[in-house]
There are 4 protein chains.
Amino acid sequence: MTQPGPARAPRGRPRSERVRLAVLDATADLLTEGGLPAATIERIAARAGVSKATIYKWWPTRGHVVLDSFFTRTRDTIAVDPDASLADSLTAQLDALSALFRDTPLGRLMRELAAVAQGDADVRDALEKRWLRPRRAVTVRLLREAAERGELRAEIDLEVVADQLWAPIYHRLLFGHAPLRDGLAADLVGQLLTGLLPRR
Amino acid sequence: MTQPGPARAPRGRPRSERVRLAVLDATADLLTEGGLPAATIERIAARAGVSKATIYKWWPTRGHVVLDSFFTRTRDTIAVDPDASLADSLTAQLDALSALFRDTPLGRLMRELAAVAQGDADVRDALEKRWLRPRRAVTVRLLREAAERGELRAEIDLEVVADQLWAPIYHRLLFGHAPLRDGLAADLVGQLLTGLLPRR
Amino acid sequence: MTQPGPARAPRGRPRSERVRLAVLDATADLLTEGGLPAATIERIAARAGVSKATIYKWWPTRGHVVLDSFFTRTRDTIAVDPDASLADSLTAQLDALSALFRDTPLGRLMRELAAVAQGDADVRDALEKRWLRPRRAVTVRLLREAAERGELRAEIDLEVVADQLWAPIYHRLLFGHAPLRDGLAADLVGQLLTGLLPRR
Amino acid sequence: MTQPGPARAPRGRPRSERVRLAVLDATADLLTEGGLPAATIERIAARAGVSKATIYKWWPTRGHVVLDSFFTRTRDTIAVDPDASLADSLTAQLDALSALFRDTPLGRLMRELAAVAQGDADVRDALEKRWLRPRRAVTVRLLREAAERGELRAEIDLEVVADQLWAPIYHRLLFGHAPLRDGLAADLVGQLLTGLLPRR
DNA sequence: TCTTAAACGAGACGGTACGTCTAGTCTTCTA
DNA sequence: TAGAAGACTAGACGTACCGTCTCGTTTAAGA
């Protein structure tokens with residue numbers, strides 16, 4: 001049984017935190033500059049001043065490096081204002097993501113990551129579990145609480161609702177058929193809550 | 001100067017249709033078997049019994065080959081039953097796409113293509129113009145006609161509606177967080193038309 | 001059966017002679033400058049202006065490149081003057097080799113090659129068959145002819161004789177315990193023919 | 001200033017003899033099993049249960065480790081029977097070496113060592129001084145004594161004689177063109193002492 | 001007994017070269 | 001002129017060792 005208290009120091013030279021950060025920074029920079037094809041292990045190593053072997057020691061594939069780089073750049077809390085209305089809470093969340101993708105390098109990063117995920121199940125899983133799921137969970141919780149207060153119709157599939165709110169933003173990011181414009185979040189929430197049919 | 005009238009036959013040996021089809025078939029097969037990484041130009045050429053140089057002569061990048069292969073395998077008409085209700089028409093469309101992605105190799109192909117599109121603007125444009133746009137156009141037309149008949153509220157953004165209907169299917173295909181289950185299309189249409197709020 | 005007459009041209013682009021020579025030259029230069037450790041495939045490729053893949057296509061290992069480089073630099077005929085005496089013929093041969101090793105880069109090349117041969121059976125065989133054996137064969141032939149003329153004692157092992165003539169030169173080259181001095185060849189031949197014991 | 005008398009013990013933990021032997025044993029084993037390429041520092045360290053840094057602390061290069069390993073395995077005395085004839089003494093020496101190379105792992109070791117020596121002047125020197133020279137010295141001494149007794153012709157170069165006796169064995173070991181067969185030593189000595197020319 | 005300094009094991013690290021793979025281009029011959 | 005064959009450059013891949021380094025641990029002599 002492992003002792004509680006001060007953790008037993010590992011034997012050899014300790015892992016250098018400097019290396020970890022240099023790799024993740026270099027990766028994010030390269031991705032921002034030239035996208036996935038620019039972020040080869042070779043160039044990440046060169047730019048970070050780190051040996052290729054060291055990278056391979058700590059990350060199994062390039063996808064994992066990109067993923068890690070993405071999460072390191074993303075320390076945003078998923079804050080919710082407890083006093084806001086359901087519509088306002090949802091709009092605020094969607095708006096934050098939309099702005100993040102539109103106004104910061106994370107938009108590009110997410111696109112690259114989505115591309116990698118199509119060919120790397122590990123990355124796809126991690127992206128789902130560590131990024132999509134927590135955000136959807138907040139949405140679904142808000143919806144469920146509203147439903148319990150009787151503010152929503154009963155026969156709703158909340159997972160589908162989450163898709164109808166979040167998916168359009170990713171869709172526009174990935175395919176570029178329409179912009180992530182101001183007011184998009186409000187429209188998404190408004191149209192879905194009220195419905196398209198005229199209310200009498 | 002190009003001749004008017006019946007197109008002048010070009011001088012030399014005409015392009016071989018055999019080659020075109022062999023390449024597209026080989027590509028689709030390889031993609032189905034092993035995804036994008038399996039569909040290298042080298043292997044496509046070998047499998048098709050065609051020279052690499054010939055491929056490069058007719059397609060600028062691998063992305064274009066994959067794209068062409070995708071469209072060749074996709075001769076589905078975007079049929080609409082003129083007598084169906086708005087809800088039924090929309091549901092039928094979404095359902096067809098969902099089944100296509102779930103039950104045929106096109107699901108995989110679309111995932112690979114979406115991945116390629118993130119790094120190749122040409123492919124992204126072609127995918128948008130030749131695949132997404134025509135399908136969305138039908139949807140938007142149906143919605144506009146319904147709106148003109150007074151069946152929809154006035155202040156709706158139809159492009160956003162199109163996203164709220166189509167995007168969830170692509171989202172689930174690409175990220176795998178939830179299945180393309182039976183009845184998904186109906187839920188998407190039903191929830192959006194009626195809205196989440198209770199109608200009094 | 002292959003046709004005689006003009007050889008049928010092979011199908012694709014013909015192998016570039018330029019590449020072959022550039023590689024062998026670069027190899028010899030690097031070996032001369034820094035010995036075996038300097039002659040990495042990477043550096044040979046860079047210096048020759050040739051792709052690594054091309055080198056690996058035509059030579060299985062670095063040893064073979066070095067070997068080829070050695071033989072390319074060595075177009076010396078193994079000429080024998082038919083009118084010379086046995087002693088003079090043998091001395092001339094040994095002297096030529098001794099001078100070659102002492103005065104040209106081939107000495108260094110042979111040392112490197114002998115080193116490679118200890119770890120690469122292919123190289124060892126090639127060296128034996130294409131370099132040592134033909135030279136020894138000439139020696140043995142001369143000795144046999146002399147024996148048939150009654151100029152040599154009968155019970156001699158000619159292979160051992162060949163070793164006693166040639167081996168000292170390689171031995172001094174490889175271990176450096178004594179120089180390849182002028183007159184060495186004459187001493188080798190003289191002492192062996194006459195013997196060490198006083199003749200009465 | 002260094003103390004006279006019993007060497008002052010150094011302050012810290014004394015060097016572990018266990019380490020030295022473990023390294024040399026591991027090296028010899030690896031060399032025997034897979035030759036030089038198998039005897040990497042990494043593998044020697046692993047097999048010996050020793051840290052790489054410790055090896056580098058006591059041996060400057062791999063060549064030196066191999067050299068040390070060779071000499072550790074070689075505790076053969078260079079014994080000479082004072083009552084034997086010159087021919088018998090020489091034959092006994094050559095025979096012992098030939099058998100050593102042919103019948104024990106030292107043959108392989110010497111081949112690897114000779115290879116290393118071509119690229120490492122230190123190793124070459126050590127090999128010459130600590131291995132070749134003492135053996136040649138015995139030979140030369142025997143020859144000189146015989147010459148002083150008038151048993152040899154006067155104008156002989158004894159260093160060349162040593163080469164004509166020893167070199168053939170190394171030559172056959174390194175190039176493999178002929179075997180280290182029984183009776184080789186006797187032939188070497190016999191032919192050289194008597195000479196090839198018929199004695200009247 | 002306690003201190004102290006070197007030896008030592010473990011293992012991270014920056015490098016360099018390995019041999020393989022794919023992308024594209026180029027060159028030659030054939031249909 | 002289209003196309004097949006295939007040589008070629010360019011450059012990333014992931015692996016293996018190199019030799020150096022930074023730790024914590026062990027060992028024995030000296031205080």
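Computation of the quantities below employed the complete heavy-atom set of this structure, encompassing side-chain atoms and omitting hydrogens, waters and symmetry-equivalent molecules. Each chain gets a letter, A, B and so on, in the order the sequences are listed, and its residues count up from 1.
Residue B:R18 has no polar side-chain atom (N or O) positioned under 4.0 Å from OP1 or OP2 of E:dA31. Residue A:R43 places none of its side-chain N or O atoms closer than 4.0 Å to OP1 or OP2 of F:dC13. For the OP1/OP2 pair of E:dT28 and a distance below 4.0 Å, the side-chain nitrogens and oxygens of C:R11 include no atom meeting the criterion. A close approach under 4.0 Å does not occur between any side-chain nitrogen or oxygen of C:R15 and OP1 or OP2 of F:dA5. Look at B:S51 and you won't find any side-chain N or O under 4.0 angstrom from OP1 or OP2 of F:dG3. The side chain of D:W58 places no N or O atom within less than 4.0 Å of a non-bridging phosphate oxygen (OP1 or OP2) of E:dA7. Remark: C:R13 is not in phosphate contact with E:dC29, judged by side-chain N or O atoms under 4.0 Å from OP1 or OP2. OP1 or OP2 of F:dC8 sits under 4.0 Å from a side-chain N or O of C:S16.
A salt bridge links A:D29 and A:R73; the closest N-O separation between the charged side-chain nitrogens and carboxylate oxygens is under 4.0 Å. Between A:E112 and A:R108 a salt bridge is recorded (basic side-chain N to carboxylate O distance below 4.0 Å). A salt bridge does not link D:R43 to D:E33: none of the charged nitrogens lies less than 4.0 Å from a carboxylate oxygen.
Of all the heavy atoms in C:L113 and C:G63, the pair that sits closest is CD1-O, 4.4 Å.
Of the candidates E:dC18, F:dG3, E:dG14, E:dG14 carries the atom nearest the A:T54 side chain, counting heavy atoms from C-beta on. Listed nucleotides F:dC8, F:dG14, F:dG19 differ in distance to A:Y56; the shortest reach to its side chain belongs to F:dG14. Each of E:dA23, F:dA5, F:dA10 was ranked by its minimum atom distance to the side chain of C:A53; first place goes to F:dA10.
Note: CD (B:E17) to C1' (F:dG3) measures 15 Å, nearest angstrom. One can place CZ of B:R20 at 16 Å from P of F:dA2, the figure rounded to the nearest angstrom. Atom CD1 of D:I55 and atom P of E:dA7 are 16 Å apart (whole Å). For A:R47 and F:dA12, the CZ to P distance is 13 Å, given to the nearest whole Å. Straight-line distance from the CD atom of C:E42 to the C1' atom of E:dA17: 5 Å, rounded to whole Å. A straight line from NE2 of A:H64 to P of F:dG14 spans 12 Å, rounded to a whole angstrom.
A donor-acceptor contact under 3.5 Å links the side chain of D:K52 to the base of F:dG19.
Using a 30° and 60° split on the angle between ring planes, B:F70 and B:W131 fall in the perpendicular class, above 60°.
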Requested in this report: Dump the intermediate steps for side-chain contact (heavy atoms from CB on, under 4.5 Å) on C:Q118 and D:L36, then the final yes or no.
Outcome: CA-CA 9 Å; C:Q118 303 316 309; D:L36 244 208; over 6 Å; no

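Counting non-hydrogen atoms under 4.0 angstrom, B:K57 reaches the backbone sugars and phosphates but no base.
Nearer the 5' end of DNA chain F, as judged by each residue's closest nucleotide, is the contact made by C:A48, out of A:G12 and C:A48. With DNA chain E read from its 5' end, the first of the two nearest nucleotides for C:I41 and B:P37 is the one closest to C:I41. Projected onto DNA chain E by closest heavy-atom contact, C:R62 and D:G49 fall at different nucleotides, the more 5' of which corresponds to D:G49. Between C:P14 and A:T61, the one whose closest nucleotide on DNA chain F sits nearer the 5' end is C:P14.
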